[in-house]
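Here is the structure we will look at.
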Amino acid sequence: TRRFLRPGWSHAAALLMGTNPHLANLETNLLSETLFLFLLLASTLATLVALDQRGRARFIAAGLLWGLCALVRPTVLLLPPLLFLASWPWPGARDLRSHALWLLAAFVLVQAPWFVRNRVADLDPAQGNLLLWSVHHGSYPGFVYEGRPETLGWPFRADPNSLHAERSWS
């Protein structure tokens, strides 16, 4: 955090992160959050190192890490393309553009098999979509169904329209 915040603020952010019950307990869970957090931090660090020290191999490593990170949680899918686009506004950043292109190429290399698999495979729509599920499950005010306290934490289980909502954006 020191890279983004001054020392006082950096220490405050680290303290908040270290005392967050969810994050302090992550190592006891075998969930994707643990792996995602590690890959997110590794990707960010690799990108910062690549920006500082330049060099094709560093940008390729950062792109590979971003690709792995997006395989775990697709919430970062747009970051590598945005990093590449961010290199274009500056006229003096020509070498940065070519390095950013290597980062993007490595990212696409990791993601390509997954995209091909999704296009070729006959996927069961009943399995749903992680992004759609996240939006649907987070759409219940107070995380309860129709204000009924007994549904706290699992409101979608009480909702008769839940299965339809999990399968369709409309």
Separation between CZ of Arg56 and CG of Leu103, rounded to the nearest 0.5 Å: 13.5 Å
- request: Could you check if a side-chain atom of Leu96 sits within less than 4.5 angstrom of a side-chain atom of Arg54, using non-hydrogen atoms only?
  value: yes
- request: Take the angle between the ring planes of Phe156 and Tyr140 and call it parallel below 30°, perpendicular above 60°, tilted in between.
  value: tilted
- request: For the residue pair Arg157 and Thr151, establish whether any side-chain heavy-atom pair is separated by less than 4.5 Å.
  value: no
query: Quick one: does Tyr145's side chain get under 4.5 Å of Pro160's, heavy atoms only?
result: yes
field: From Thr47 atom OG1 to Arg58 atom CZ, the distance as rounded to the nearest 0.5 Å
entry: 13.0 Å
statement: Between the CG atom in Leu83 and the CG atom in Leu101, the distance rounded to the nearest 0.5 Å is 13.0 Å
- prompt: Any side-chain heavy atom of Thr75 within less than 4.5 Å of one from Phe36?
  reply: yes
query: Given the rule that I, L, V, M, F, W and Y join up when any side-chain heavy atoms are under 4.5 Å apart, are Leu104 and Trp114 in one cluster?
result: yes
- request: For residues Gly67 and Val110, report the shortest heavy-atom separation together with the two atoms involved.
  value: C-CG1, 3.5 Å
query: Below 4.5 Å, heavy atoms only, C-beta onward: do Phe107 and Leu79 meet side chain to side chain?
result: no
task: Enter the distance from Leu152:CG to Glu150:CD here, rounded to the nearest 0.5 Å.
output: 10.0 Å
Heavy-atom side-chain contact between Leu35 and Leu68 under 4.5 Å: no
- request: State, to 0.1 Å, how close Cys69 and Ser43 come at their nearest heavy-atom pair, and which atoms those are.
  value: CB-OG, 3.9 Å
field: pair Pro74-Leu77: side-chain heavy atoms closer than 4.5 Å
entry: yes
- request: Give the cluster check for Val108 versus Val72: same hydrophobic cluster or not, with ILVMFWY residues linked at side-chain heavy-atom distances below 4.5 Å.
  value: yes
Euclidean distance, Leu37 CG relative to Arg73 CZ, rounded to 0.5 Å: 11.5 Å
query: Side chains of Leu40 and Trp66: does their closest heavy-atom pair fall under 4.5 Å?
result: yes
